[in-house]
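These notes are about the structure you will find just below.
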Amino acid sequence: DLMSSTFYFQNFDIPLSEIDRIELIRGSGGTVYGANSATGVINIFTKSPEKYDGITAEAEGAAPGYVATSLRAGGKIGEKFALSGYSKFRYFSGFESMAGVDENGNATVDESDFDENYDESVYYSFGAKMNLDLSASSKLSARLHYNGRNQYEYTNSYERDFVFTRDDRIYGQDVTASRLVANLRYDHTISENHSLFVRASTNYENDLYEAAGGLMVNNGIIDFEIQDNLSFGINDLSFGLNYRIANFDIHDINDPEYIGYVDPKSTESLKGAFVQNKFGFLDSKLNLTLGVKAENYSLINNKYYFSPMAKLAAVINEDFTVWGGFTRSYTTPGFNTTNIDWFLFQTPNPAEWSAA
């Protein structure tokens, strides 16, 4: 998430049966994966179109007021082409308003700022995948995912006066949010020990961010990446370049007195380069990995930050590995921690204070 540099599961709304496997990389992955991978990397792999076979439909429900359905289909179309797609729908009836009435028609509370049903929501998503073998050594793959939601949400902010009393402000609004992710990748095998890939991807979001009583964001990224992998002797060498354009657009702040942005519309860039080599000794029972990545994020400054890594792993048997290493990693801050003025409290006018 570009605003807070954290992960939200609502941005990953796909059928669970779409997941093929989950892999965990222990220790820092900063050399290859860059910032924000200081403590490890979780890779979630979805199924390749070739692994589909026919149509799969699922439905589930729960009380009170929850229902979900999903549909998946696809498979190989000829020897060189595979295509698949999926869709998902979820509905939740939400929670009744605190300002409702009981079975006799009497108001349950005399006064409440929560006068609408809360969290009634509709979630929907769909995606498509394509793999095309251009030749025996070249492959083109494309991925598309879209998810959206319609939801009534409450947000709040508060202000403190000179004596630190608190005044809560409640905002309710209908939210229509969406996210679009697209990925195009070209893989080429030069030889049995040499391969490379080139990738371009996008990630555009239109969503409510709950700071300052709620504000709307229209953010997006465009990513470019190239990586070369080469094996020779005891070496497994990888190196690559990446470039990202990040566009930020923050607007419709419910409480502009509480939060402000130096530049609510901004275009930033993230540039990086890495090299890593794994030395395999004793038939790969003992492995030494060395690497470094250099990154620059214009949202912070113009400097390049280096993430070096050294890891030694001894494979005792297939169930037992001993490893240790040294690394230095960085965290890429979100827009909300770099381009913000946060209002805490404001001293009253001296004349008004004297009069009081």
Side-chain angles (χ1 to χ4, degrees), residues 1-12 25 27-44 141-145 178-187 196-207 209 211 215-229 238-251 261-276 290-309 327-341:
D1 177 80
L2 291 176
M3 291 296 291
S4 59
S5 194
T6 54
F7 182 80
Y8 291 114
F9 276 96
Q10 70 181 23
N11 296 336
F12 189 67
I25 300 174
S28 173
T31 300
V32 175
Y33 292 93
N36 302 324
S37 55
T39 56
V41 176
I42 298 174
N43 279 327
I44 302 175
S141 58
R143 304 288 186 265
L144 173 71
H145 172 80
S178 63
R179 177 176 295 267
L180 174 66
V181 179
N183 190 323
L184 183 65
R185 172 168 167 157
Y186 171 75
D187 287 86
L196 61 84
F197 73 82
V198 180
R199 181 180 65 88
S201 64
T202 63
N203 186 340
Y204 288 97
E205 62 177 356
N206 170 37
D207 209 342
Y209 192 77
L215 52 89
M216 295 302 297
V217 299
N218 293 97
N219 299 332
I221 62 174
I222 302 175
D223 262 327
F224 302 96
E225 179 184 11
I226 181 170
Q227 182 173 322
D228 200 331
N229 305 291
S238 297
F239 55 93
L241 303 170
N242 65 275
Y243 181 74
R244 168 178 292 183
I245 302 171
N247 294 302
F248 299 92
D249 183 358
I250 292 90
H251 54 92
Y261 290 87
V262 179
D263 186 1
K265 295 185 179 182
S266 177
T267 299
E268 308 293 341
S269 65
L270 175 68
K271 301 179 285 291
F274 85 94
V275 59
Q276 175 177 285
L290 301 175
V292 63
K293 182 162 190 172
E295 286 183 292
N296 163 257
Y297 193 18
S298 64
L299 188 63
I300 307 171
N301 53 42
N302 294 321
K303 297 181 180 179
Y304 277 86
Y305 292 84
F306 290 87
S307 299
M309 186 267 289
T327 186
R328 181 176 66 183
S329 296
Y330 293 91
T331 298
T332 302
F335 191 78
N336 218 34
T337 55
T338 57
N339 199 322
I340 187 172
D341 292 327

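Asn296 places a side-chain N or O within 3.5 Å of a backbone atom of Lys303 that can act as its donor or acceptor partner. Put simply, the side chain of Thr337 gets close to the backbone of Gly334: a donor and an acceptor are under 3.5 Å apart. Under the 3.5 Å distance criterion, the side-chain polar atoms of Thr202 are left unmatched by any main-chain donor or acceptor of Ile222. Checking side-chain atoms of Thr327 against main-chain N and O of Pro308 turns up a donor-acceptor pair under 3.5 Å.
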(message) Let's go through Asn336 and Ser4 carefully: what are the C-alpha distance in whole Å and the side-chain angles of both, what is the deciding distance for side chain to side chain donor-acceptor pair (under 3.5 Å) to 0.1 Å, and is it a yes or a no?
(response) CA-CA 6 Å; Asn336 218 34; Ser4 59; over 6 Å; no
(message) If you apply the rule side-chain contact (heavy atoms from CB on, under 4.5 Å), what do you find for Asn219 with Asn247, and how did you get there?
(response) CA-CA 6 Å; Asn219 299 332; Asn247 294 302; over 6 Å; no
(message) Set out, in order, the CA-CA distance, both residues' side-chain angles and the distance that settles side chain to side chain donor-acceptor pair (under 3.5 Å) for Lys265 and Asn218, then state yes or no.
(response) CA-CA 9 Å; Lys265 295 185 179 182; Asn218 293 97; over 6 Å; no
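For the residue pair Ala142 and Leu184, the shortest heavy atom distance occurs at CB-CD1, 4.0 Å. In plain terms, the two heavy atoms of Tyr204 and Gly220 that are nearest each other are CD2-CA, 3.5 Å. Of all heavy-atom pairs spanning Asp263 and Phe335, the tightest one is O-CZ, 3.3 Å. Listed here is the closest heavy atom pair of Tyr297 and Pro333: CE2-O, 4.0 Å. The two residues Glu268 and Leu299 have their closest heavy-atom pair at OE1-N, 3.4 Å. The shortest non-hydrogen separation linking Tyr330 to Ser307 is CD1-OG, 3.6 Å.
Applying the ring pair (Phe, Tyr, Trp, His ring centres under 6.0 Å) criterion to Phe274, with sequence neighbours excluded, gives no partner residue. Among residues two or more places apart in sequence or in another chain, the side-chain contact (heavy atoms from CB on, under 4.5 Å) test is passed with Phe197 by Arg185, Asp187, Arg199, Glu225, Gln227. Applying the ring pair (Phe, Tyr, Trp, His ring centres under 6.0 Å) test to Phe239 and every residue at least two apart in sequence or in another chain returns nothing.
The structure places CZ of Phe224 at 13.5 Å from NZ of Lys271, a figure rounded to the nearest 0.5 Å. Atom CE of Met216 is separated from atom NE2 of His251 by 6.0 Å, given to the nearest 0.5 angstrom. The CG atom of Leu270 sits 7.5 Å away from atom CG of Asp223, with the distance rounded to the nearest 0.5 Å.
Around the CD1 atom of Ile25, the shell of radius 6.0 Å holds more than 12 heavy atoms that belong to other residues, nucleotides or ligands. Within a 6.0 Å sphere centred on CG of Asn302, heavy atoms belonging to other residues, nucleotides or ligands number 12 at most.
In this structure, Ile250 and Met3 have side chains that are in contact, with non-hydrogen atoms separated by less than 4.5 Å. In this structure, Phe248 and Leu2 have side chains that are in contact, with non-hydrogen atoms separated by less than 4.5 Å. Looking at heavy atoms from C-beta onward, Asn206 lies out of side-chain contact with Leu180 at the 4.5 angstrom threshold. Two residues are said to be in side-chain contact when any heavy atoms from C-beta on lie closer than 4.5 Å; Thr267 and Ile245 meet this criterion. Considering only heavy atoms from C-beta on, Lys293 comes within 4.5 Å of Glu295 through its side chain.
Residues Gln276 and Ser238 bring no donor and acceptor atom of their side chains to less than 3.5 Å of each other.
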